[in-house]
Trainee: 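Sending over a structure as structure tokens; questions will come in a sec.
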Amino acid sequence: MPAAEFRDPEVRTTVGVVRGRTEGGLAVFRGIPYTEPPLGKARFQVPRPVRGWDGVREAYEFGPPAPQDANMGGRGDNGLFSGTGDDWLTVNVWTPAPDPAARRPVMVWIHGGAYKHGFSGSPGYDARHIAREGDVVFVSVNYRLGVEGFARIEGAPANRGLLDQVAALEWVQENITAFGGDPDQVTILGDSAGAGSIASLMVMPSATGLFTRAIGQSLPGTFFSDALARDVAAAIAAEAGLRPNAKALSGVDARELPAIGHAVESKMRQHAARWGNFAHTLTLFSPVVDGEVLPVTPWQGLARGAGRDVELIIGHNRDEWRTFFLFGNLFGKVTEEQAGDALRHFGPGEEEEGERAYREAFPDMSAEDLFEVVQSDWLFRMPALKLAEAQAAGGGKAYLYELAWQSPGHGGMLRACHGLDGPLLFGTYDAHLGPVAIGPEHVDEAEVLTSQIRSAWTSFAATGDPGWPAFDAERRLTRIFDTEPSVTAYPEEVSRRLWQPYAFAAMPLLTS
């Protein structure tokens, strides 16, 4: 039916009827549970099917965020919701019309947040513009975070946050037709930890067949070996005076666990002898290559053909790590010693080899820029490039991009920083990094980038064609998003050559 004809739209899901709101020509449903709350005997376990309900369930408000660490850079999403209680595992749907005959492309958003914080109901993820202008059904997902979702503890499956995402995608397959979507045209997309989740889902057996396309924005390259993940979990449990198992940790309120994780995070470098480079990062959590839920790293799996039937957009921002200058108040404060430490920890090869390679490759670069570029390469840029290479090598189709727009906010110091792509995609310039990186006086310029990115993503969701040629190992064609967009050979050629001989693998436990 035409969008103008429905009022307080109702949709019958497989477990009951939900009632949404009509907002700006869209039907919007918030806080629909896709599994039972993971409490009691379900704590730290696989998602359980949601129980049905009688009558009509109002889907007016976002469900509450999963318990989480709100300390990263002083930014947290707690408080940005109306719902209360323990229904953390919910989905939200924006649709032009809940007409089963419409069969519109479906886009499923998996938020980022270092695998420890974030919330699908954050104002920065308001999908009304994407759903309306792209003529798609847009779904966003909450999933378990931090200790609840990613700690590798005894008596519990690994990667519970990823299993939640699989359950949400199963919900989409079973229900999205009633909301006007096409379950045979599902594109998953996410940024940062959301992109890490996307890459994981592409090689997870349990996710096979649940989506046909994928978009990863700023994929982080950190994936843990099982041994490292268990050691990290042991440190977290020890902080609470407990054993690292589900029974013991279930005695701690889920809302108290993030503080325990944060306490360990504040002294990660004390574990550097065992945890290696990971001890110098900003989060305790990453997907675990456990051999079962996640059998291999995304690079290994895609190179072996696991993503052959899934079309992929993957990319990064040019100056990723500059966001963390802002979080750490580091602008203008990076010393030569700090730059050297970063080069030794994050450069390719042995410590001295990595530092020497970067200093020779970038002889005129300042300490601050060396500090930034090596961490951008190690954590985001090279993992994305190598994922495109792996997908192409495995017989799949990949499209590579770089966001190069130098954001004008904060005196231009943030450049094309990590997280800039979110406000640009959603058009939410007043949320997340938008006010700092863009600012209200530069919205017109930002809208140029928004148009480029959003049209590429929605075209890809509908047709599989984002508007530029697929990646191949010879030409390495890359879409550059800027005020003057272009398609060129991969632009970070110096970094590519430095990292060419090196593969990204599951991070090991260095001693035992």
Trainee: With a 4.5 Å limit on heavy-atom distance, are the side chains of Pro9 and Phe29 in contact?
Mentor: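 Of all side-chain heavy-atom pairs linking Phe29 with Pro9, at least one is under 4.5 Å.
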
Trainee: Please assess Arg454 against Glu133 for the test salt bridge (charged side-chain N to carboxylate O under 4.0 Å, His left out), listing each intermediate value before the final yes or no.
Mentor: CA-CA 9 Å; Arg454 188 184 296 160; Glu133 296 172 20; 2.7 Å; yes

Trainee: Do Ser218 and Asp191 pair up side chain to side chain, a donor and an acceptor below 3.5 Å, judged on atom types alone?
Mentor: no

Trainee: So, Tyr502 versus Trp378, ring centres under 6.0 angstrom or not?
Mentor: no

Trainee: Just wondering, do His111 and Tyr143 contact through their side chains at under 4.5 Å, heavy atoms?
Mentor: yes

Trainee: Does the ring centre of Phe278 sit less than 6.0 Å away from the ring centre of Phe224?
Mentor: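 That pair passes the under 6.0 Å test.
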
Trainee: Would Leu498 and Phe362 satisfy side chain to side chain contact (heavy atoms under 4.5 Å, CB included), going step by step from the backbone distance to the final call?
Mentor: CA-CA 11 Å; Leu498 288 176; Phe362 300 101; 4.2 Å; yes

Trainee: Could you report the tightest heavy-atom contact between Ala404 and Ile480, atom names first, then the distance?
Mentor: CB-CG2, 3.7 Å

Trainee: Exactly one of Leu189, Leu162, Asp164, Leu201 should register a side-chain contact (heavy atoms from CB on, under 4.5 Å) with Ile110. Which one does?
Mentor: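 Among the candidates, only Leu201 passes.
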
Trainee: With under 30° as parallel and over 60° as perpendicular, where do the rings of Trp468 and Tyr399 fit, or are they tilted in between?
Mentor: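 Judged by the thresholds at 30° and 60°, the geometry between Trp468 and Tyr399 is perpendicular.
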
Trainee: What's the shortest heavy-atom distance between Leu400 and Ala388, and which atoms?
Mentor: CD1-CB, 4.2 Å

Trainee: Please check if the distance between the ring centroids of Trp457 and Phe138 is under 6.0 Å.
Mentor: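 So the answer is no for these two rings.
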
Trainee: Show your reasoning for whether salt bridge (charged side-chain N to carboxylate O under 4.0 Å, His left out) applies to Glu355 and Arg359.
Mentor: CA-CA 6 Å; Glu355 180 178 12; Arg359 289 194 183 278; 3.1 Å; yes

Trainee: Salt bridge (charged side-chain N to carboxylate O under 4.0 Å, His left out), that's the test. Do Asp377 and Arg496 meet it? Break it down for me.
Mentor: CA-CA 9 Å; Asp377 281 346; Arg496 186 192 72 83; over 6 Å; no

Trainee: State yes or no: are the ring centers of Trp109 and Phe426 separated by less than 6.0 Å?
Mentor: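 Distance test on ring centres: under 6.0 Å, yes.
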
Trainee: Other residues, nucleotides and ligands only: do more than 12 of their heavy atoms fall within 6.0 Å of CD on Glu441?
Mentor: yes

Trainee: Determine whether more than 12 heavy atoms belonging to other residues, nucleotides or ligands lie under 6.0 Å from atom CD of Glu484.
Mentor: no

Trainee: Looking at Glu445, I'd like to know if its CD atom is crowded, meaning that more than 12 non-hydrogen atoms belonging to other residues, nucleotides or ligands lie closer than 6.0 Å.
Mentor: yes

Trainee: Between Trp299 and Phe223, what is the ring plane arrangement, given parallel below 30°, perpendicular above 60°, and tilted in between?
Mentor: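 Perpendicular, since the angle between the ring planes exceeds 60°.
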
Trainee: Ring centroids only, cut at 6.0 angstrom: are Tyr490 and His316 within range, meaning strictly under it?
Mentor: yes

Trainee: Between His410 and Phe331, does the ring centre distance come in under 6.0 Å?
Mentor: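 Yes: the rings meet the under 6.0 Å criterion.
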
